[in-house]
Amino acid sequence: MTLKWLAVVVAVVSVTSCVTGNVVVGVLNGGQLPLVVNLLALTTAGTAVILAVVAELHDRLNDRVSALTEFLVARLNEIEAHTGDRNTGFVEGYLLSHGQEAAVVPFGRRGRGAAER
């Protein structure tokens, strides 16, 4: 059982026990439950309701973050596929325009000064 539904059950049981206790004591003795018992039941119910709301908001936020993550992964994969094709086409076009004897030469190391050549 998830936290949200557990909190809802605790709130319902707390309110039900408070109302039932007050009705039973009121019918049998013509009085009411002590104030401490009523406050404890209402505090428990209120805390459980707040916890249920926070748990629901957390679930919604988690779903949104998951959807955003999936979207970003799909978009980055699409960009990567498109970029890879563009670079491949550039190199092939360069080689075709310069004939068969053209070679792709990597750039030399950076940081070399004129004195080292």
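Atoms CG and CG, on Asp63 and Leu68 in that order, are 12.5 Å from each other to the nearest 0.5 Å. Rounding to the nearest 0.5 Å places CG of Leu51 at 12.0 Å from NZ of Lys4.
Shown here for Leu33 and Cys18, the closest heavy-atom pair between the two residues is CD1-O, 4.2 Å. Contact record, Val15 with Ala45: CG2-CB, 3.5 Å, taken as the closest heavy-atom pair.
Within the 4.5 Å cutoff, side-chain heavy atoms of Ile79 are placed close to those of Arg75. Put simply, the side chain of Leu57 reaches to within 4.5 Å of the side chain of Val53, judged on heavy atoms.
With Leu39 as the partner, the side-chain contact (heavy atoms from CB on, under 4.5 Å) test is satisfied by one option alone out of Val37, Val36, Leu35: Leu35.
A single hydrophobic cluster is seen to contain both Val27 and Val19, as judged by linkage of ILVMFWY side chains at heavy-atom distances under 4.5 Å, directly or through other members.
Between the Thr47 side chain and the Thr44 main chain, no donor and acceptor come within less than 3.5 Å of each other. Remark: side-chain polar atoms of Asn62 are not paired, donor with acceptor, to backbone N or O of His58 under 3.5 angstrom.
Applying the side-chain hydrogen bond (donor to acceptor under 3.5 Å, both in side chains) rule to Asp59 yields no partners; only residues at least two apart in sequence or on another chain are considered.
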